[in-house]
A.B. asks: 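Quick one: this structure, given as structure tokens, is what I'll be asking you about.
Letters A, B, ... are given to chains in the order of the sequence lines, protein chains preceding strands, and every chain is numbered from 1. Excluded from the calculations below are hydrogen atoms, water molecules and symmetry mates; all remaining heavy atoms, backbone and side chain alike, are included.
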There are 2 protein chains.
Amino acid sequence: MKNKRIKGTVECENCRFFALCAPISICDKDYEPVVDALHRYKKVARGEKVCRQSRSIRSIYTVCKGVFKATVTDPHGDERVVGFYLPGSSIGLESLDSANSSVDVEALGPALVCEMSVARLNELRKQFPMLQINLSRLLMQELRHYQDVVIALLGSRSAEEGLAAFLVYVSTRMRDAGFSADHFDLPITYADIANFLGLTRETITRLMTKMKKQNVVTYRGRKLGIIDRKALTALATPATEDANAEIATV
Amino acid sequence: MKNKRIKGTVECENCRFFALCAPISICDKDYEPVVDALHRYKKVARGEKVCRQSRSIRSIYTVCKGVFKATVTDPHGDERVVGFYLPGSSIGLESLDSANSSVDVEALGPALVCEMSVARLNELRKQFPMLQINLSRLLMQELRHYQDVVIALLGSRSAEEGLAAFLVYVSTRMRDAGFSADHFDLPITYADIANFLGLTRETITRLMTKMKKQNVVTYRGRKLGIIDRKALTALATPATEDANAEIATV
DNA sequence: CGTCGGATTGAAGGCTTTCAAGCAGGGTGG
DNA sequence: CCACCCTGCTTGAAAGCCTTCAATCCGACG
């Protein structure tokens, strides 16, 4: 594994694939074949799809740089955004057992990924127990991640709560990927955020404007800044208004 | 593994743990130790919790009979329902890597589970490659299941869409567990459904009443019947002129 | 038979959407 | 350099959906 890291990308230590790639660097000899299975820093153009709904996938990916969105197309032909892949996320793990992809995954801007062949990985993990064990660990992490998404974003009572929870969630993911938790690129359109959260562009605009006026966040040129994290997390949980009164009455 | 199946429970073939339990019956000799790790048909009383928020878990479970809910308690002390475990579901897989549970998991009524010791499983899967591989497969299925939840339930534009999607989702899970997809027990209170979906009891009541009047579903004594599946799935996707007209004509 | 948790129904108010119009800013070609 | 365009963002007003609050009903269970 050559050290050819590119500026602005995720450190390998913060990458979800590290558990799969690590054996290579630790023990180059034994794991030489793994190198063949891995295509590092592959470029993906804006709008390009790395996997498609109802198709089997040939490779799984990890996002080094950029953001992807997962979408499904409903019977009416409308696109529904069902998830985002931020730097450090892995794509396609749920299809490793040769099932078809449930979603389209598309780059929202120029992106870099590390690509791993599903066929090669499936061969290799039979040969190398450590790879198999690390894959299991990766799957558990991914499972936990999905659970976190559901906990954070499903069942929000108001639009403001949903959006705040979304921003907190993105911030957490960016921190986990080794970036600043308070200032980062958010190359996602309001339309996509709204679609994902079940809201409208206009509502996102109004709420962001409100949050900016209240000095909770800044947002210019696709760059998000979290000014008042405490306030943002407060917005992300219900019954914030009553919190003070509640304490007073107790 | 004695064949002591109990009426109304999930068939082993439809259980998520089958990939772990199967080796036992296939090859009793080699996998004898696994039997110790497994406690079949353990009773869980209504309100009893099989895992708790911020605590490590000792066992993972699969639901043979009954329904569980997963909840988190927010800073204000309010309970938020973040998921349901229907028959055939597995509980706790995301905490296998000795991480703490993110949620409380509580039985909504008298239930039966198969319990597997985490410590024993972690020992055994190092010894038995087949167990390790099957565990990976189980994790992938679980991952896909979480993805399905997000796709089905996150980002619904209206309350009706959300509830219809929820019912379709439950129906699908019941079918997968080997029960009827159109008539099944739904021992979940409106309050819990509402909490999960980010709605209110009253809204669930009104929507269910409406759906009953339109002969889409029946619901009495905690038993749900799906009368018009086509209409229900239509309600579960964003409203269009066609969909509305279709329902209106009933 | 009374109690209690859960479900139902109505009225009023608020939040979000819908519809419509205008703005901003980056890229392109002249 | 500027006009132009296109995408995405902003803002306002009206309509509609969902919540809130409050009262009542129902059924299970001791």
A.B. asks: Quick one: list whatever passes salt bridge (Lys or Arg N to Asp or Glu O under 4.0 Å) with B:K210, sequence neighbours left out.
C.D. replies: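 By the salt bridge (Lys or Arg N to Asp or Glu O under 4.0 Å) rule, B:K210 matches B:E160.
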A.B. asks: Report, one line per pair, each donor and acceptor closer than 3.5 Å where one atom sits in a side chain of residues 43-52 of chain B; sequence neighbours left out.
C.D. replies:
unit_1: B:E48; atom_1: OE1; unit_2: B:A45; atom_2: N; d: 2.9
unit_1: B:K49; atom_1: NZ; unit_2: B:D104; atom_2: OD2; d: 3.3

A.B. asks: What residues form a side chain to side chain donor-acceptor pair (under 3.5 Å) with A:R144, not counting sequence neighbours?
C.D. replies: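 Checked A:R144 against side chain to side chain donor-acceptor pair (under 3.5 Å); matches are B:S95, B:S102.
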A.B. asks: By the side-chain hydrogen bond (donor to acceptor under 3.5 Å, both in side chains) test, which pairs, at least two apart or in different chains, include something from residues 162-175 of chain A?
C.D. replies: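 Every pair satisfying side-chain hydrogen bond (donor to acceptor under 3.5 Å, both in side chains) with a residue in residues 162-175 of chain A: A:S89-A:R173, A:H145-A:Y169, A:H145-A:R173, A:Y169-A:R173, A:S171-A:R229.
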A.B. asks: Could you work out, with salt bridge (Lys or Arg N to Asp or Glu O under 4.0 Å) as the rule, every residue matching A:D192, not counting sequence neighbours?
C.D. replies: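 If we apply the salt bridge (Lys or Arg N to Asp or Glu O under 4.0 Å) test to A:D192, skipping adjacent residues, the hits are A:K69.
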A.B. asks: Under the ring pair (Phe, Tyr, Trp, His ring centres under 6.0 Å) definition, can you give me all pairs with a residue in residues 200-234 of chain B, not counting sequence neighbours?
C.D. replies: B:Y190-B:Y219
A.B. asks: What one-letter contact string describes nucleotides 6-19 of chain D from 5' to 3', where B marks a base within less than 4.0 Å of any protein heavy atom, S marks contact via sugar-phosphate atoms alone, and - marks no contact?
C.D. replies: --SSBBBB----SB
A.B. asks: Cut-off 3.5 Å, no hydrogens considered: what does the side-chain donor-acceptor table look like for residues 194-204 of chain A, sequence neighbours left out?
C.D. replies:
unit_1: A:N195; atom_1: OD1; unit_2: A:V81; atom_2: N; d: 3.0
unit_1: A:N195; atom_1: ND2; unit_2: A:E79; atom_2: O; d: 2.9
unit_1: A:T200; atom_1: OG1; unit_2: A:T203; atom_2: N; d: 3.3
unit_1: A:T200; atom_1: OG1; unit_2: A:T203; atom_2: OG1; d: 3.0

A.B. asks: Suppose we screen for salt bridge (Lys or Arg N to Asp or Glu O under 4.0 Å). Which residues come up paired with B:E115, at least two apart in sequence or across chains?
C.D. replies: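 So B:E115 forms a salt bridge (Lys or Arg N to Asp or Glu O under 4.0 Å) with B:K42.
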A.B. asks: With a 4.0 angstrom cut-off to heavy atoms of chain A, pull out the first and last contacting nucleotide of DNA chain C, in 5'-to-3' order.
C.D. replies: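 With heavy atoms of chain A under 4.0 Å away, the range is C:dT16 to C:dA20.
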A.B. asks: Please give me the minimum heavy-atom distance between A:V63 and A:V113, naming the atom from each residue.
C.D. replies: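 A:V63 and A:V113 have their closest heavy atoms at CA-CG1, 4.4 Å.
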A.B. asks: Could you tell me, to 10°, how much the axis swings from one end of the helix from C:dC1-D:dG30 to C:dG30-D:dC1 to the other, five pairs per end?
C.D. replies: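 Comparing the first five pairs with the last five, the axes sit 40° apart.
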A.B. asks: For B:K212, enumerate each residue passing the salt bridge (Lys or Arg N to Asp or Glu O under 4.0 Å) test, keeping only those at least two apart in sequence or located in another chain.
C.D. replies: none
